[in-house]
Amino acid sequence: MMPVIIGSVVLVLMSRLVCLFFRELRLVRLRELYLNQLAKEFACLRNSIAHGNDTRARREEIALLLREIVTIKEAHSNNPVVMAIDLIARTCRLFAFPKRGGAAVPEDLEQPPKLAEYLLYFLPKAQRESLMGDMEEIYSVLLKVQGRHRARFWYWCQVLMAYQPLWSNKIARRVAKWAAITGLGQLLGRVIPWEWVRRVLPLGEWIRRIVS
Amino acid sequence: MGDENLFLSGNEELVLLAVANLGMQAYGVPIYEAVERAAGKVASIGAIYATLERLQDRGLVSSWQGEATPERGGRAKKYFRIEAPGVQALRQAEETRKVLRPAWIPASAPSGGAA
């Protein structure tokens, strides 16, 4: 009788421990997502200040946000249990496939695929920021309407399709610029009477002096 | 014949029309949605930006930085506006289409029923 009671007590305790572990795991994930959200708001305020909306209210908002981020980070970095769970969660995520359905994370906190987002940093600088913002905006809508998998698939497709048009644009522009410079050089070579210029102005002598 | 700088390719015309229709609300997302709705297929937002960049280089549209929102990851919007040469380019495209349209294609969309 005794082993059965002890066994059942151990079983109950272990299941409780597992439940607690998964609850903490979810909290760690939510904390991470909340920090991401705060970081986005921070970037948003910083951008608006950079674009000329530098008011005292905005600076105070930034200070408040930073204080909140630091408080959350400090509160969790001092807790060894949370740190251990965070470490386990990060290690598991390295080897885990994305979960089907994705119901564990609230949709408004879901992020676009990280690797695809990093790939966007290799696009030409001129259009990058607004393109990334637009893609994130459409991604958040698709996430609500069509679900996580389709939204992620759309994001990946867009990233891969963005390379060819944007880079070919940039390359074509560079080629046109160099062609214009070369053409102008050749035209100047024909129009300007260089023999006469060399006779009047000792250009070679000046260049030699500058170099020496 | 019209100015060569005002000649528009199919993509450029579509994007320019979307910008003209959207007025002051023309940034990447509504332009993408309008093009997708008009073309009836999945568009590439990168291709739309490349087209807008070309149009801007030719002076057909102008752009300015808008506000940043948290839904966009704190990134600023880039608004586009059609300029006078852009309007002229659209007019020229319409004229060209009128000139080149064969007689057996009616000017308005057919409403069904053979004559």
Side-chain angles (χ1 to χ4, degrees), chain A residues 36-53 58 65 108-109 111-112 117 119-120 123-124 126-144 153-155 157-173 176-177, chain B residues 4-5 8-16 18-19 22 24-37 39 41-81:
Chain A
N36 272 344
Q37 199 72 9
L38 288 181
K40 275 183 184 179
E41 278 173 30
F42 175 72
C44 178
L45 283 170
R46 198 187 48 196
N47 262 343
S48 70
I49 285 178
H51 290 128
N53 294 329
R58 282 189 192 275
L65 265 179
D108 52 339
L109 291 178
Q111 306 283 315
E117 216 175 350
L119 285 178
L120 284 176
L123 288 175
Q127 309 288 351
R128 193 196 301 149
E129 197 191 325
S130 43
L131 177 75
M132 286 171 84
D134 287 343
M135 283 178 63
E136 194 157 342
E137 199 178 326
I138 300 174
Y139 176 82
S140 62
V141 175
L142 282 180
L143 197 70
K144 282 171 192 153
F153 180 71
W154 175 89
Y155 198 92
C157 287
Q158 290 296 331
V159 169
L160 297 177
M161 285 195 294
Y163 268 81
Q164 186 267 328
L166 286 171
W167 271 112
S168 59
N169 235 15
K170 186 163 184 178
I171 290 167
R173 228 195 248 177
K177 202 166 107 185
Chain B
E4 234 175 76
N5 187 42
L8 295 173
S9 70
N11 256 358
E12 286 171 352
E13 193 180 346
L14 208 60
V15 171
L16 199 58
V19 172
L22 289 162
M24 299 302 279
Q25 293 301 315
Y27 71 98
V29 178
I31 296 173
Y32 167 78
E33 284 169 354
V35 168
E36 208 175 50
R37 220 178 305 129
K41 59 177 184 176
V42 178
S44 157
I45 198 159
I48 288 172
Y49 265 96
T51 311
L52 283 167
E53 204 179 0
R54 274 200 304 274
L55 291 174
Q56 197 177 352
D57 287 347
R58 288 163 59 187
L60 306 186
V61 295
S62 58
S63 71
W64 74 96
Q65 288 283 340
E67 75 278 16
T69 56
E71 298 88 52
R72 300 170 54 81
R75 296 178 183 105
K77 288 175 185 171
K78 193 173 188 180
Y79 285 99
F80 293 89
R81 182 177 49 204

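In what follows, chains carry the letters A, B, and so on, assigned in the order in which the sequence lines appear, proteins first and then strands, with residues in each chain numbered from 1.
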Exercise. In terms of heavy-atom proximity below 4.5 Å to chain B, should A:W154 be classed as side chain, backbone, both, or neither?
Worked result: side chain

Exercise. What heavy-atom pair brings B:Y27 and B:K78 nearest, and what distance separates the two atoms?
Worked result: CB-O, 3.3 Å

Problem set entry | Residue part contacting chain A, namely of B:Q65, when any heavy atom lies under 4.5 Å | side chain

Exercise. Any ion pair linking B:R75 and A:E129 (charged N to carboxylate O, less than 4.0 Å)?
Worked result: no

For this session: With a 4.5 Å cut-off on heavy-atom pairs, point out which of A:S130, A:A162, A:A126, A:P112 contacts chain B the most.
Result: A:S130

Exercise. Considering only heavy atoms from C-beta outward, does the side chain of A:E117 approach that of A:M135 to under 4.5 Å?
Worked result: no

Problem set entry | B:R58 and B:L8, any side-chain heavy atoms less than 4.5 Å apart | yes

Problem set entry | Option that, when pairs with chain B are counted at under 4.5 Å, heavy atom only, ranks first among A:N169, A:L166, A:I138, A:L123 | A:N169

